[in-house]
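Each ligand, and each atom within it, is numbered from 1 in the order the structure gives. Counting from 1, the numbers follow the sequence of the chain as shown.
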Amino acid sequence: MATHSDVIIIGSGAGGGTLFHALAPTGKRILLLERGDYVPREKQNWSTKAVNLEGRYNTTEVWRDGQGGALHPHTNYYVGGNTKFYGAALFRLRHQDFGEVKHHGGVSPAWPIAYEDMEPYYGRAEALYHVHGERGVDPTDPPASAPYPHPAVSHEPRIQHLADDMARLGLKPFHVPLGIMLDERDPRKSRCIRCETCDGHPCLVSAKSDAQVVCVDPALERYPNATLLTGARVARLETGPSGREVRRVIVERGGATEAYSADVVVVSAGAINSAALLLRSASDRHPRGLANGSDVVGRHYMGHVNSVLLALSRCPNPTVFQKTLALNDFYWGTPEWDYPMGHISFVGKVDADTLRAGAPAMAPGWTLDLMARHSLDFWLTSEDLPDPDNRVTLDRDGRIKLEYTPNNEEGHRRLIAKLKQLMKQQTTCGVHGHECHEGLFARSLYAGQRIPLAGVAHQNGTIRFGRDPKDSALDVNCKAHEVDNLYVVDGSFFPSSGAVNPALTIMANALRVADHLAARLG
Ligand SMILES: Cc1cc2nc3c(=O)[nH]c(=O)nc-3n(C[C@H](O)[C@H](O)[C@H](O)COP(=O)(O)OP(=O)(O)OC[C@H]3O[C@@H](n4cnc5c(N)ncnc54)[C@H](O)[C@@H]3O)c2cc1C
Ligand code: SF4
C-alpha cells in the first residue's frame, strides 16, 4: 500500500473514528491507524462474567501509578476505541461549562470557544450517532437548534416509579440521551433488542452507535480513498529538520517497524495514550516532547469524580435496561450551597458477577446475588479540576505513568448526601412500608465509594486547546501551536470537563475540526 496519504488519523475511537467518517467524502486519501483489531463477535460480548469479572477485552498493558506501582488500566484497544464499550449516554456539555465556573475546590477554566460554536456540531453528532432523547425537561439543558433525531428511550416501571417520586418532590428528572438504535414503536424491526448488557459491553448485534458501527465501517464501505490498518501501533512521530512538520509516523505492526507519512497527521489515541505519544516523540527540536514548548502535554489530566452507588430495597428491581433516567437539578448547586455538585444517573443493571468484580460493601444479611437483584445502581459524576500535577509521564522504560490526586470532592460528597435524602423520600412501598429502602452502598470497597485510578473511562485534558501557546498545546482548531500539520481530536483537548459524559463533545469537536481540515485540504 502507498505510504503517503493526505491525512493520517491515529486511533479510531470517538474522536478519530468520527473524523475519519467526516473526511472520507472529501476524496482525499485518508489512512486510519488503529493499534487494536475488531472486537471479535462472540457470545462473550454479552457475558458480564467475561467482560466485567475476567476483563476479557481489557488491555493487558501495565502502566505505573504515582508511586511507581503497577496500574492495570480499564481501557480497550479496538476499532471504535472505548465507544465499543461505552454506555452511549450522549450529553452536550452545559452552556455555562464553556465559561469559567467557580467550584468549591477552585476554578474550572473557560474554553477558547463558546457553546454557540459547538452547537451545530452537537446537532450533527447527535444525528450521526442516532441519539434518542427529549429536550427541555432537564433544567440545565443547553439551547439546541433542532429536536433530538429520535424519541427518548422509555423508562421501565421501577425507573418510572423513581422518576415520579422525584417529580413529586419538585425535581426535574429526564430521559438520558442515548445512542442506541432502538425503535420502540416497531420492536420486530428494531436493531436494538433492549438488553441488560449494554453499558460496558460491546453490542453483539451492532445496534449500539459506536464509532466502528456508525463511522469507520460505513466510511470503508463507501469510500475507496479511506483505508484502515489494524494492529498498527504508532510508536513515534518524527519531524523534519525545522521541527514544524511531522514527516514520519513510525508504526509497529506484526512485529515489524514501518514508516508512513501524510500532509496532515491527526492524533486521536485517547487522552492518556496521545499525551504519551507526544512525549515519546521528543527530539532536539522538541526536547520536552512534540509540540510541548508550553510543558502542558500530559498535564491537567481529568477523569471526573465518579461513584457507583447501590440503593437497596426489599422489593426487587426487575429493570433490564436501567440507564434511562438522569437528574441534573443539583448540577450547579442548591440555594444552600452555591457551588456545582454534578450529575446523577445510572449504570447498566448490575448482576452478581459485576458486583464480584468490584466487591461492594456487603449489606448485612444480603448475598451479592440478592443485592444485585434488588439494587438501583446509580452513577454519580462531578467535575474534577485541571491540576497541572495530575499528569501523564513516561517511566525510564517508556511506560505510561499516571499521577492523580483527587480534587474538588466536596461537591461530590454533597451530591451523594442529596441522593441519600432522595432515596429516603420515595413513596411508601405497599408491601414493606417505610422499611423497604435499606440504604445506599458503594460498589467498590477498594477505593471507598470512588472509582479507582485504573478507571480511566472519562480521561481527558492532557493536551489542552487554547489561544495562548504559553498555557495550551493546541490552537482553537486543535492544531498544535508549534507544528503546522499536527492535530489532536480525542478527549485530550478539553481545558475543563463539566460533569456530564464526554463522548458527544469529543465527536462534535471532531466534526468541527473536520470542517477546518476539509477547507485546509481544499
Ligand atoms: C465502560 C465505559 C463506559 C462509558 N460510557 C460512556 C457513556 O455512556 N457516555 C460517554 O459520553 N462516554 C462514556 N465512556 C467514555 C467514552 O467511551 C470516551 O470518552 C471516548 O471513547 C473517548 O474517545 P477518544 O477518541 O478520546 O478515545 P478512544 O475512544 O479511547 O479511542 C482511542 C483509540 O486510539 C487507539 N490507540 C491508542 N494508542 C494508539 C497508538 N499508539 N497507535 C494507534 N492507535 C492507538 C485505541 O486503541 C482506541 O481505538 C465510557 C467509557 C467506558 C470504558
Ligand atoms: S441490543 Fe441494544 S441494549 Fe443491547 S447492547 Fe445492543 S444497543 Fe445495547
**Request:** Just jot down the ligand 1 atoms closer than 4.0 angstrom to any heavy atom of Gly200, in number order.
**Result:** 1 (C)

**Prompt:** When you measure from the side chain of Glu184 to the backbone N and O of Ser154, does any donor-acceptor pair fall under 3.5 Å?
**Reply:** yes

**Request:** May I ask you to check whether His286 and Ser281 show a side-chain donor-acceptor distance below 3.5 Å?
**Result:** no

**Request:** Hey, can you tell me if Tyr115 and Phe98 have their rings parallel, tilted or perpendicular (30° and 60° cut-offs)?
**Result:** perpendicular

**Prompt:** Does the ring center of Phe346 lie less than 6.0 Å from the ring center of Phe378?
**Reply:** yes

**Asked** Ala207 heavy atoms, cut-off 4.0 Å: which ligand 2 atoms fall inside?
**Response** 7 (S)

**Request:** Identify, by atom number and element, the atoms of ligand 2 in contact range of Ile193, meaning under 4.0 Å from any of its heavy atoms.
**Result:** 1 (S), 2 (Fe)

**Prompt:** So, Arg124 and Thr18: side-chain donor and acceptor under 3.5 Å apart, yes or no?
**Reply:** no

**Item:** Heavy-atom nearest neighbour in the protein, as seen from atom 24 (P) of ligand 1, with distance rounded to 0.1 Å
**Value:** Asp490 CB, 3.8 Å

**Message:** Side chain or backbone, does Tyr77 bring an N or O within less than 3.5 Å of an N or O on ligand 1?
**Reply:** no

**Message:** Under 2.8 Å from atom 2 (Fe) of ligand 2 - does any N, O or S atom of Cys198 fall there?
**Reply:** no

**Item:** Subset of ligand 2 atoms that lie under 4.0 Å from at least one heavy atom of Phe321
**Value:** 3 (S)

**Asked** Got the closest protein heavy atom to atom 6 (Fe) of ligand 2, with its distance?
**Response** Cys203 SG, 2.3 Å

**Enumerated ligand 1 atoms positioned under 4.0 Å from heavy atoms of Ala14** = 20 (C), 21 (O), 23 (O), 25 (O), 29 (O)

**Distance filter under 4.0 Å to Leu33 heavy atoms, resulting ligand 1 atoms** = 43 (C), 44 (N)

**Prompt:** For ligand 1, which atoms, with element, lie under 4.0 Å from some heavy atom of Gly81?
**Reply:** 29 (O), 31 (O), 48 (C), 49 (O)

**Complete:** In ligand 1, the atoms that come under 4.0 Å of a heavy atom of Ile10 are 42 (N), 43 (C)

**Asked** Hey, which of His304, His343, His458 is the one that makes ring pair (Phe, Tyr, Trp, His ring centres under 6.0 Å) with Trp379?
**Response** His458

**Asked** To the nearest 0.1 Å, how far is atom 2 (Fe) of ligand 2 from its closest protein heavy atom, and which atom is that?
**Response** Cys192 SG, 2.3 Å

**Asked** Please state which protein non-hydrogen atom is closest to atom 37 (C) of ligand 1 and give its distance, to 0.1 Å?
**Response** Ala269 O, 3.2 Å

**Side chain Glu134, main chain Pro151, donor-acceptor under 3.5 Å** = no

**Message:** Checking side-chain polar atoms at under 3.5 Å, does Asn408 have a donor or acceptor matched by the opposite partner on Asp384?
**Reply:** no

**Message:** Using a strict threshold of under 4.0 Å (side-chain N to carboxylate O), is an ion pair present between Glu61 and Arg35?
**Reply:** yes

**Complete:** Here the atoms of ligand 1 under 4.0 Å from any heavy atom belonging to Ala232 are 42 (N), 43 (C)

**Asked** Do NZ/NE/NH1/NH2 and the carboxylate oxygens of Asp138 and Arg94 come within less than 4.0 Å?
**Response** yes

**Request:** Return the residue, atom name and 0.1 Å-rounded distance of the protein heavy atom closest to atom 28 (P) of ligand 1.
**Result:** Asn82 N, 3.8 Å

**Prompt:** What atoms of ligand 2 come closer than 4.0 angstrom to any heavy atom of Lys208?
**Reply:** 7 (S)

**Message:** I need the atoms of ligand 1 closer than 4.0 Å to a non-hydrogen atom of Tyr78, numbered in the order shown.
**Reply:** 47 (O), 49 (O)

**Request:** Distance to 0.1 Å, residue and atom name: give those for the protein heavy atom nearest to atom 5 (N) of ligand 1.
**Result:** Gly87 N, 2.9 Å

**Asked** Below 4.0 angstrom, N of the basic side chain to O of the carboxylate: do Arg247 and Glu245 qualify?
**Response** yes

**Ion pair Lys208/Asp210, N-O distance below 4.0 Å** = no

**Item:** Contact atoms of ligand 2, heavy-atom distance to Val205 under 4.0 Å
**Value:** 1 (S)

**Complete:** The atoms of ligand 1 lying under 4.0 Å from a heavy atom of Arg233, numbered in the order shown, are 41 (N), 42 (N)

**Prompt:** Looking at Thr197, which atoms of ligand 2 are within less than 4.0 Å of one of its heavy atoms?
**Reply:** 5 (S)

**Complete:** atom 3 (S) of ligand 2 sits nearest the protein heavy atom Cys195 N, 3.3 Å

**Prompt:** Is there a donor in the side chain of His155 and an acceptor in the side chain of Thr324, or the other way round, less than 3.5 Å apart?
**Reply:** yes

